[in-house]
Amino acid sequence: MKILIPNLGSTSVKYRLFDFTGGDGTLLTRGGLERVSDHAEAIEQVLGELREGGWVGSEEDLAAVGFKTIMAEGRTGCLELTPEVVDSMEACNNIAPAHNPPYIRGIRLFAEKMPSVPLVGLFETAFFQWAPEASTRYAVPQSWHDAGVRRWGFHGASHKFIAERSAELLDREDVAERARNLYVDAGLPVDRSPLRVVSCHLGGSSSISGILNGAAVGNSMGLSPQSGLPHNNRVGDLDSMAVLHMMRRDGLSVDDVETALCNEGGLKGLSGGHNDIRDIASEADSGNAQAKLALDVFVHSARHWLGAYFAQLNGLDALVFTAGIGENRASIRAAICAELDQLGIRLDAEKNEAARAEEAIISADDSPVRVMVIPTNEELVVAREVKRYLEHRRN
Ligand code: AMP
């Protein structure tokens with residue numbers, strides 16, 4: 001059973017192809033294109049690559065195409081991407097302008113090119129379905145809440161992978177089992193003491209989640225993927241009055257505000273133009289005060305959310321770093337963990353320096369909280385849920 005998972009960015013089309021014949025998902029091949037301006041052409045090229053490589057001869061070779069879809073109005077979970085579901089995604093384009101449109105375009109293109117192959121989406125909001133209601137509500141009038149203004153949470157596939165993998169690495173098979181089966185049976189009990197994890201997905205887009213016994217208790221992103229920590233060029237958390245103030249003071253239009261907050265904000269806005277942490281770090285090293293401040297704000301925000309979930313979980317068993325920055329930037333991990341010994345977090349400086357893009361424990365042997373680097377595997381989480389969806393549909 002082969003399942004193709006395309007990862008559709010605004011200027012990239014990447015993919016991974018998994019085989020589930022007799023197993024839990026073997027990666028057969030992966031690839032992709034950067035600097036894409038025409039998604040139709042890029043998808044055609046990807047399908048050509050898969051044909052030429054002998055991976056996918058015809059539509060019959062694919063059990064499904066699975067998408068890491070972002071959000072849809074009034075729905076979440078793992079869903080077949082019918083025209084109605086895609087329409088409900090489109091209704092959220094204003095909330096996730098950088099993320100939803102490329103997926104909608106891609107899904108429609110796949111539907112045209114492969115009409116007999118089921119298209120299934122695992123929504124990024126799905127992992128947060130069981131967060132306590134108090135953590136999902138904004139203090140807005142009821143009519144705003146009824147219009148969908150609430151915290152959803154994003155990066156669900158990544159945080160779910162961390163929930164599963166951290167439990168496996170901590171020898172908590174009971175929690176790993178619960179995390180793996182969350183979308184089928186969220187009521188599975190655990191055998192031992194509660195397992196409390198904070199997952200830090202730090203990359204071009206960043207979010208932090210508290211995870212209790214394999215299920216999220218919350219996520220730093222809210223209504224949209226624009227909130228929480230500062231992102232590469234998106235603002236992160238901001239007092240809503242700032243928008244009204246700048247509109248009234250400078251006569252900004254809605255589009256001006258969107259550009260400022262979604263394209264010119266975040267690390268780019270703070271650092272004076274750089275949005276890649278490597279460039280910002282090298283600028284900071286050569287004395288650029290704005291770049292140094294950008295790093296400081298990023299770290300401060302990460303510690304803020306770490307503290308929030310530490311309190312919500314009543315302590316912590318493991319702190320996990322993942323994604324581009326979390327997996328590769330030892331200096332950011334060290335700054336986030338600095339002087340947290342009162343919370344039981346003590347890094348081993350050498351192990352931290354050595355850890356790069358592979359699983360590693362980076363805490364000191366006597367650290368009460370285990371600190372880990374775990375490379376995420378969002379596509380595998382999507383592929384497994386899509387497989388399960390297909391099996392349930394058949395039964
Ligand atoms: P992501 O969105 O997960 O791809 O992460 C992108 C961010 O991770 C960028 O800010 C990159 O600078 C950073 N990043 C990715 N790979 C590396 C690496 N090998 N070394 C240092 N930083 C990296």
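Atoms within each ligand, like the ligands themselves, are counted from 1 in listed order.
The closest donor-acceptor contact from the side chain of Ser88 to the backbone of Ala72 lies at 3.5 Å or more, if one exists at all. The main-chain N or O of Leu347 is never found under 3.5 Å from a side-chain atom of Arg333 such that the two would form a donor-acceptor pair. Looking only at distances, no side-chain donor or acceptor of Arg196 sits under 3.5 Å from a matching main-chain atom of Ile211.
If you look at Arg356 next to ligand 1, there are no close heavy atoms at all, none under 4.0 Å.
Of the protein's non-hydrogen atoms, Asn328 ND2, 3.4 Å is the one closest to atom 16 (N) of ligand 1. Scanning the protein heavy atoms around atom 2 (O) of ligand 1, the nearest turns out to be Gly204 N, 2.8 Å. Taking atom 11 (C) of ligand 1 as the reference point, the nearest protein heavy-atom neighbour is Asp276 OD1, 3.4 Å. In this structure, the protein non-hydrogen atom closest to atom 3 (O) of ligand 1 is Gly324 N, 2.9 Å. What sits closest to atom 10 (O) of ligand 1 on the protein, heavy atoms only, is Ile277 N, 3.0 Å.
Of the polar atoms of Ile325, at least one N or O is found under 3.5 Å from an N or O of ligand 1, judged by distance alone. Taking distance alone, with nitrogen or oxygen atoms compared against 3.5 Å, Arg278 approaches ligand 1 more closely than that limit.
Against a heavy-atom cut-off of under 4.0 Å, Ala323 is close to the following atoms of ligand 1: 3 (O).
For Phe67 and Phe110, the gap between ring centers is short of 6.0 Å.
From Arg165, atom CZ reaches atom CG of Leu380 across 11.0 Å, with rounding to the nearest 0.5 Å.
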TODO: Run the numbers on Ser205 and Arg234 for side-chain hydrogen bond (donor to acceptor under 3.5 Å, both in side chains), then give the verdict.
DONE: CA-CA 8 Å; Ser205 182; Arg234 290 173 291 119; 2.9 Å; yes
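Heavy-atom minimum distance, Val36 versus Ala42: CG1-CB, 3.7 Å.
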